[in-house]
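Note that the coordinates shown come from a computational prediction; the quantities given were computed from them, not determined experimentally.
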Amino acid sequence: LQKDVLRTLLPPRSEILMFCSPSKLQCRLYKGLTKGAPSDSLTTLTNLRKLCSHPDLLEDSVDDNLPPRVCSDAGKLDILESLLQAIRTENPTDKVVVVSNFTSALTVIENSILKRKRWSSLR
């Protein structure tokens, strides 16, 4: 029932697979994380996944009150900002859904892109 309702309310989903180069900072941190024998491989893998989104996610917590950061610290955020800008320019009223396994990644996106551009968001 819920799927049927969503199909009538939402346009068809479109997905685009893009490969994003990591920033120099991400490459340096990656080398540090993978150097030597990891004591806890699951933690290392989780940290590598976080690093692929943004270096700030390696911190214990992401502070909502931090000043907006430059997106160039993360390759994915550079691409995301470009895509959002293109969508916003072409169709200013379109809505975009951004999904992440880490809620802290959404906070980084809000702080580094949305607040700086003064774009609204809803979580």
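Atom CG of L25 is separated from atom CG of L29 by 4.5 Å, given to the nearest 0.5 angstrom. Note that the NZ atom of K76 and the OG atom of S53 stand 4.0 Å from one another [nearest 0.5 Å]. Atoms CG and CG, from D56 and N111 in turn, are 9.0 Å apart once rounded to the nearest 0.5 Å. Note: L84 CG to L77 CG = 9.5 Å, rounded to the nearest 0.5 Å. Rounding to the nearest 0.5 Å places CG of N91 at 6.5 Å from OG1 of T93.
In the model, R123 has a side-chain atom that pairs as donor or acceptor with a side-chain atom of T107 under 3.5 Å.
Side-chain contact between E81 and K117 is present, with at least one heavy-atom pair separated by less than 4.5 Å. Within the 4.5 Å cutoff, the side chain of Q85 has heavy atoms near those of the W119 side chain. Residues L57 and R49 are not in side-chain contact: their nearest non-hydrogen atoms beyond the backbone lie 4.5 Å or more apart. N47 places a side-chain heavy atom less than 4.5 Å from the side chain of L58. The shortest side-chain heavy-atom distance between L80 and D78 does not fall under the 4.5 Å cut-off. Counting only heavy atoms from C-beta outward, the side chains of L83 and V96 never approach each other to under 4.5 Å.
Although no hydrogens or angles enter the test, the distance criterion places a donor-acceptor pair under 3.5 Å between the side chain of R116 and the main chain of S112. E110 places no side-chain N or O within donor-acceptor distance of the main-chain N or O of S121, the cut-off being under 3.5 Å. Using a distance-only test at 3.5 Å, with no hydrogens or angles considered, a donor-acceptor pair links the side chain of Q26 to the main chain of S23.
What you find for L51 and P55 is that their closest heavy atoms are CD1-CA, 4.1 Å. Of all non-hydrogen atoms in L106 and S100, the two that sit nearest each other are CD2-CB, 4.1 Å.
Tested against V98, the residues I113, I109, L114 include a single side-chain contact (heavy atoms from CB on, under 4.5 Å) partner, I109.
The environment of F102 atom CZ is dense: over 12 non-hydrogen atoms of other residues, nucleotides or ligands sit within 6.0 angstrom.
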